[in-house]
Amino acid sequence: MNFTRKKLPLDRAKEMRVCPVDSLQACVPLPAPLYALLSTNQKFLAIKAPMDFLTEDDLEKASKFEALYFPPFIEQVIPYRRAGKSALWLLEGLKSGEGLRPAPFEVSDAWVQMTAPLWSGEGLIEPFFVSVFVSEVCGAFPGDLMKAVHDRDLEAYEQAVMKSSWIVWQALHLDFFDLDWLQALRRGVFEACGMGGRYRGPDIGEDWIRNVLLSEMPLHPITLTDFSGASVRTKLDSRMRRLRRELIDSKQVLPSILGESGFLEVAG
């Protein structure tokens, strides 16, 4: 199945959402297409695609604009960004060690309660939205690494973003809550996928890493156990059964990057 990026219909330009330039960060994958408004003809120009990123130079050039713009799709991303910020707050609290440390089961319960609304009623989620969530949790990669992977192979870069996010998402569902460890895991997978080298990160089981590195991450919705490896699949399956039994609304319909409300359309 082939996908193409949709062009913004001119009759929907009035629906564009303002994005203050000073709210953007360098080297963070973008959660939606980014546009600039050209003063000469009052037309929107797409300057960055989803999952692309702004460099420090890009931000400096963008400072000549009062604002940049996201299409209405950005509103579908907001719940994932908010949940990611909440998860980061939780992990940073655990890392600081301040106050009474909650019991492991309390942390695990807080995590599943926080993220249950991000799944569809069928227990599916699109990897793109997971990458938005994990970007909030783990922060930016070094700029030189992002540029090296992006310039080497754009498709490999996009796969590296999604794969490194997906494995962190699974690790969190396995109750790995050490923020430094998760960041090292994400970077190790990103580098191995993007630069074609060996995985150099935390030891989490060869079959799990191999499944993630050698598979192609799809754009369509997938389940929590996909690309997990036999060593952790049973635990992930158990976690998803609990989510679907107790926390996920069976009627929950989630947004998609595909189709009318997304930024991609199916070609052919």
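- With D226 contributing its side chain and T223 its backbone, the two residues share a donor-acceptor pair below 3.5 Å.
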Q: Show your working on side chain to side chain contact (heavy atoms under 4.5 Å, CB included) between F129 and V134 and close with a plain yes or no.
A: CA-CA 9 Å; F129 291 100; V134 173; over 6 Å; no

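- Between F133 and Y80, a ring centre-to-centre spacing not shorter than 6.0 Å is recorded.
- The closest side-chain heavy-atom distance from T115 to H173 is below 4.5 Å.
- Looking at every heavy atom in both residues, W208 comes nearest to S231 through CB-OG, 4.4 Å.
- Under the ring-ring contact (aromatic ring centres under 6.0 Å, His included) criterion, the residue pairs touching residues 144-165 are F53-H150, F53-Y157, H150-Y157, with sequence neighbours excluded.
- Between D175 and K235, no side-chain nitrogen of the basic residue sits less than 4.0 Å from a carboxylate oxygen of the acidic one, so the salt-bridge criterion is not met.
- L154 and V189 fall within a single hydrophobic cluster, where Ile, Leu, Val, Met, Phe, Trp and Tyr are joined by side-chain heavy atoms under 4.5 Å apart, directly or via other members.
- Checked by atom type, the side-chain pair T225/D237 shows no donor-acceptor distance below 3.5 Å.
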**Q.** side chain to side chain contact (heavy atoms under 4.5 Å, CB included) between L182 and L91, intermediate numbers included
**A.** CA-CA 10 Å; L182 291 166; L91 298 181; 3.8 Å; yes

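- Counting heavy-atom neighbours within 6.0 Å of R82 CZ, excluding the residue itself, gives a total of 12 or less.
- Under a cut-off of 6.0 angstrom, the local environment of CZ in R245 is crowded, with over 12 non-hydrogen atoms contributed by other residues, nucleotides or ligands.
- The two residues R152 and G196 come nearest to each other via the heavy atoms NH1-N, 3.9 Å.
- With no hydrogens or angles considered, a side-chain donor-acceptor pair links R239 and S108 at under 3.5 Å.
- Atom CG of D203 has 12 or fewer heavy atoms from other residues, nucleotides or ligands within 6.0 Å.
- Counting heavy atoms from C-beta on, the side chains of P29 and M146 come closer than 4.5 Å.
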Q: Applying ring pair (Phe, Tyr, Trp, His ring centres under 6.0 Å), run through W111 and W89 and close with a yes or a no.
A: CA-CA 11 Å; W111 160 255; W89 178 83; over 10 Å; no

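- Atoms CG and OG, from L24 and S63 in turn, are 11.5 Å apart once rounded to the nearest 0.5 Å.
- At least one side-chain heavy atom of L254 sits less than 4.5 Å from a side-chain heavy atom of Q252.
- Nearest heavy-atom pair across S164 and I167 is O-CG2, 3.5 Å.
- Using a 4.5 Å heavy-atom threshold, the side chains of M240 and W119 count as touching.
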(Q) Before you tell me yes or no, could you show the steps for L45 and Y35 under side chain to side chain contact (heavy atoms under 4.5 Å, CB included), namely the whole-Å CA-CA distance, both residues' side-chain angles and the distance that decides it to 0.1 Å? (A) CA-CA 5 Å; L45 174 69; Y35 291 82; 5.9 Å; no

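- Residues that satisfy the side-chain contact (heavy atoms from CB on, under 4.5 Å) test with N211, not counting sequence neighbours, are R233.
- In this structure, the separation between OG on S165 and CD on E136 is 11.5 Å, given to the nearest 0.5 Å.
- Using a 4.5 Å heavy-atom cutoff, the side chains of F70 and L34 are in contact.
- Contact check for I222 versus L124: no side-chain heavy atoms found under the 4.5 Å cut-off.
- D178 has no carboxylate O lying under 4.0 Å from a charged side-chain N of K95, or vice versa, which leaves the two without a salt bridge.
- Note that CD of Q159 and CH2 of W166 are 13.0 Å apart. Values are rounded to the nearest 0.5 Å.
- Ring planes of F44 and Y69: perpendicular class, angle over 60° (limits at 30 and 60°).
- The minimum heavy-atom distance between L59 and A26, with the atom names listed, is CD1-N, 3.7 Å.
- Following chains of ILVMFWY side-chain contacts shorter than 4.5 Å, one cannot reach V28 starting from V77, and the two form parts of different hydrophobic clusters.
- Across all non-hydrogen atoms, the minimal contact from L213 to K163 is O-NZ, 3.0 Å.
- What you find for I248 and G121 is that their closest heavy atoms are CG2-CA, 4.0 Å.
- Distance check, rounded to the nearest 0.5 Å: CD of E56 to CG of L54 gives 9.5 Å.
- Here E191 does not pair with R200 in a salt bridge; the nearest charged N to carboxylate O distance is not below 4.0 Å.
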Q: I would like to know whether S120 and V253 meet side chain to side chain contact (heavy atoms under 4.5 Å, CB included); could you show each step before the answer?
A: CA-CA 5 Å; S120 75; V253 178; over 6 Å; no

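- Proximity of a side-chain donor or acceptor of K48 to a complementary backbone N or O of P33 within less than 3.5 Å is not detected.
- We find the CD-SG distance between E158 and C193 to be 13.0 Å, quoted to the nearest 0.5 Å.
- The shortest distance between side-chain heavy atoms of V137 and R186 does not fall below 4.5 Å.
- In this structure, D109 contributes its side chain and E106 its backbone to no donor-acceptor pair below 3.5 Å.
- At a threshold of 4.5 Å between side-chain heavy atoms, the hydrophobic network of Ile, Leu, Val, Met, Phe, Trp and Tyr places I78 and M114 in two separate groups.
- Within a 6.0 Å radius of CD in E155, other residues, nucleotides and ligands contribute 12 heavy atoms or fewer.
- Note that CZ of R244 is 11.5 Å distant from CG of L224, once rounded to the nearest 0.5 Å.
- Under the 4.5 Å side-chain criterion, counting only non-hydrogen atoms from C-beta, P50 is in contact with F128.
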